[in-house]
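One-based numbering, in listed order, for ligands and for the atoms of each.
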Amino acid sequence: MTRIAVIITSTRRDRFADRPAAWVTERLRREGRDVDVIDMRDHDLPSFDGPSPMYAPRQYATPAIAEFGRHIDEADAYIVLASEYNHGYTGVFKNAADHLFAEWDRKPIAFVGWGNVGGARAVEQLRSVAIEFGMAPIRPAVHILPDVLVPAMTAPTYDAGLFAALDSKLDALIAELAWWTNALSRGREPASGVVAAQA
Ligand SMILES: Cc1cc2nc3c(=O)[nH]c(=O)nc-3n(C[C@H](O)[C@H](O)[C@H](O)COP(=O)(O)O)c2cc1C
C-alpha cells in the first residue's frame, strides 16, 4: 500500500495547524489510507550546512536528519499543511526540506493552507520549491479562508464539523493525489532486467 505523509510545518506553541492536521488525517484514514504524520516539532534539525544533498543522496550528517529523511523516504506522496508567515511558508520547513533531495524526487505533493487568503502565497512558494525537488505539485489545493478559519480557530477544541464546507475540496485533493501517487509509484519501480542491463 502506498503511504501519504501529512507534514505539519508550524512548530508554534499555540498553532492552529493541529486542527487541519486532525481533519486531513481523519479523512485519509476513513478511506483506509496509510498515513504518516510528520510533525516538524518532532524533528529538531540543525541549520543546513553541507554540500547539496542532490550530489550526496542519503548521506546524513546527524541522526536527527537521518530520522527525518527516513520518514520522507518512506512516503509516496505528501500533503503539506502550510501555515503562512509574512506571505511565505515556515522557515523551519524550508530548512528541513533542504537537508534532503532524493527522498522527495518524483513524488506528488499537495497543499492545505490557511490565512487571510487561505495561505495561497505560502502554497504558491511551496509549489515552486517542490518543482526544484523534482516533485509533482498537484493542481487541487485546499485554502482555508477566514469564513472557515475563524470559527475553526476560535472553537475551544477541534471540531470536524467546522471544516465541513471544505470537505468536498479536500476529497477532490485526495482523489487527485491518489491518481498521481499510483502513477508515480509505478514509474519509480526499478527498471526491468533488460533496461537495467543497458544502464
Ligand atoms: C509571524 C507571523 C506572520 C504571519 N503572517 C501572515 C501572513 O502573511 N498572511 C496570513 O494570512 N496570516 C499570517 N499570519 C497569521 C497566521 O495565518 C496564523 O497565525 C496561523 O494560525 C498560522 O498558522 P499556525 O497557527 O499553524 O502557526 C502570521 C502569523 C505569524 C505568527
Side-chain angles (χ1 to χ4, degrees), residues 4-30 33 35-48 64-65 67-68 71-72 75 77-100 104 108-133 135 137-174 177:
I4 299 178
V6 175
I7 305 178
I8 303 176
T9 61
S10 170
T11 54
R12 290 191 323 122
R13 189 175 309 128
D14 298 320
R15 67 188 181 189
F16 171 67
D18 291 310
R19 297 185 180 193
W23 175 56
V24 169
T25 53
E26 272 173 16
R27 287 190 89 76
L28 288 167
R29 289 187 173 130
R30 200 184 56 169
R33 298 190 183 279
V35 180
D36 182 22
V37 177
I38 301 178
D39 185 343
M40 293 316 306
R41 276 185 187 161
D42 298 334
H43 299 280
D44 187 14
L45 305 185
S47 293
F48 178 75
I65 301 168
E67 176 68 4
F68 179 64
H71 278 272
I72 298 300
Y78 309 89
I79 299 178
V80 172
L81 304 180
S83 305
E84 182 173 292
Y85 300 159
N86 301 307
H87 294 196
Y89 59 95
T90 71
V92 166
F93 182 61
K94 182 66 163 74
N95 181 60
D98 287 342
H99 279 288
L100 312 178
W104 298 114
I109 185 166
F111 307 98
V112 174
W114 51 89
N116 292 328
V117 295
R121 294 161 296 215
V123 167
E124 289 307 307
Q125 290 185 8
L126 283 160
R127 287 182 191 280
S128 298
V129 172
I131 290 168
E132 188 54 22
F133 280 118
M135 307 182 82
I138 70 161
R139 182 173 177 276
V142 176
H143 295 286
I144 306 173
L145 290 156
D147 61 331
V148 170
L149 176 62
V150 173
M153 187 182 273
T154 55
T157 55
Y158 164 69
D159 177 353
L162 295 173
F163 291 87
L166 294 171
D167 282 349
S168 61
K169 296 265 188 204
L170 179 57
D171 290 346
L173 178 156
I174 291 170
L177 189 65

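More than 12 heavy atoms of other residues, nucleotides or ligands sit less than 6.0 Å from atom CG of Asp167. Within 6.0 Å of CD on Glu132 lie no more than 12 heavy atoms contributed by other residues, nucleotides or ligands.
The protein heavy atom nearest to atom 20 (C) of ligand 1 is Trp114 NE1, 3.7 Å. Among all non-hydrogen protein atoms, the one lying nearest atom 1 (C) of ligand 1 is Asn86 ND2, 4.1 Å. Considering only non-hydrogen protein atoms, atom 8 (O) of ligand 1 sits nearest to His87 N, 2.8 Å. Residue, atom and distance of the protein heavy atom nearest to atom 15 (C) of ligand 1 are Glu84 O, 4.3 Å. Closest to atom 30 (C) of ligand 1, if we only count protein heavy atoms, is Tyr85 CD2, 3.8 Å.
Residue-to-ligand polar distances place Asn116 within reach of ligand 1: an N/O pair is separated by less than 3.5 Å. Distances between N or O atoms of Arg15 and those of ligand 1 include no value under 3.5 Å. For a threshold of 3.5 Å applied to N or O pairs, the pair formed by Val117 and ligand 1 contains no separation below that value. Taking distance alone, with nitrogen or oxygen atoms compared against 3.5 Å, Phe16 approaches ligand 1 more closely than that limit.
Looking only at distances, no side-chain donor or acceptor of Tyr85 sits under 3.5 Å from a matching main-chain atom of Ser10.
Salt bridge Glu124/Arg121: absent, no basic N to carboxylate O contact under 4.0 Å.
Atoms of ligand 1 lying under 4.0 Å from any heavy atom of Ser83, numbered from 1 in the order shown and given with element: 23 (O), 24 (P), 26 (O), 27 (O). Against a heavy-atom cut-off of under 4.0 Å, Arg121 is close to the following atoms of ligand 1: 9 (N), 11 (O). Using a 4.0 Å cut-off to heavy atoms of Met153, the atoms of ligand 1 that qualify are 21 (O). Set against the non-hydrogen atoms of Ala17, the atoms of ligand 1 under 4.0 Å away are 26 (O).
Side-chain contact between Ile174 and Arg33 is present, with heavy atoms from C-beta onward closer than 4.5 Å.
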message: Run the side-chain contact (heavy atoms from CB on, under 4.5 Å) test on Val117 and His143 for me, step by step, so that the C-alpha distance in whole Å, both residues' side-chain angles and the decisive distance to 0.1 Å come before the verdict.
response: CA-CA 8 Å; Val117 295; His143 295 286; over 6 Å; no

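Residue Ile72 holds its CD1 atom at 3.5 Å from CD1 of Ile38, rounded to the nearest 0.5 Å.
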